[in-house]
Amino acid sequence: MEIAEIKQQLSLSTVLQHYGLKPDKHLRLHCPFHDDKTPSLQVYTRKPPRND
């Protein structure tokens, strides 16, 4: 499977959930690569297009 195919099939939320990472209400989470006392990683997910 190619990276483009994986990106089409999995949402960022699904990947984060798989690794046990849960963003707070401001979409920030503790960096998984080093110890953080406060969330320092900002997560942006695409929203589906609006049907106006």
Side-chain angles (χ1 to χ4, degrees):
M1 187 177 275
E2 297 291 321
I3 292 175
E5 292 174 293
I6 294 169
K7 288 172 119 180
Q8 287 178 344
Q9 293 181 12
L10 295 174
S11 69
L12 179 57
S13 299
T14 302
V15 174
L16 291 174
Q17 188 175 26
H18 173 78
Y19 288 103
L21 301 171
K22 185 177 178 187
D24 65 11
K25 66 181 178 180
H26 301 290
L27 300 177
R28 294 185 188 134
L29 40 88
H30 294 276
C31 181
F33 305 110
H34 57 82
D35 289 335
D36 273 345
K37 295 202 186 318
T38 59
S40 64
L41 181 65
Q42 185 88 36
V43 179
Y44 297 97
T45 58
R46 288 190 201 155
K47 295 182 181 178
R50 291 176 36 184
N51 296 327
D52 290 327

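Just so you know, residue 1 is the first one in the sequence shown, and it goes up from there. Being a predicted model, the structure only gives us computed values, none of them experimental.
Residue Glu5 qualifies as enclosed at atom CD: its count of foreign heavy atoms under 6.0 Å is above 12.
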Using residues 6-15 as the side-chain source, report each donor-acceptor pair under 3.5 Å to any protein atom, sequence neighbours left out, with the distance given to one decimal.
| residue | atom | partner | partner atom | Å |
| --- | --- | --- | --- | --- |
| Ser11 | OG | Thr14 | N | 3.1 |
| Ser11 | OG | Thr14 | OG1 | 2.8 |

Could you go through residues 25-33 and list every donor-acceptor pair under 3.5 Å that involves a side-chain atom there, pairing it with any protein atom two or more places apart or in another chain?
| residue | atom | partner | partner atom | Å |
| --- | --- | --- | --- | --- |
| Arg28 | NE | Gln42 | OE1 | 3.1 |

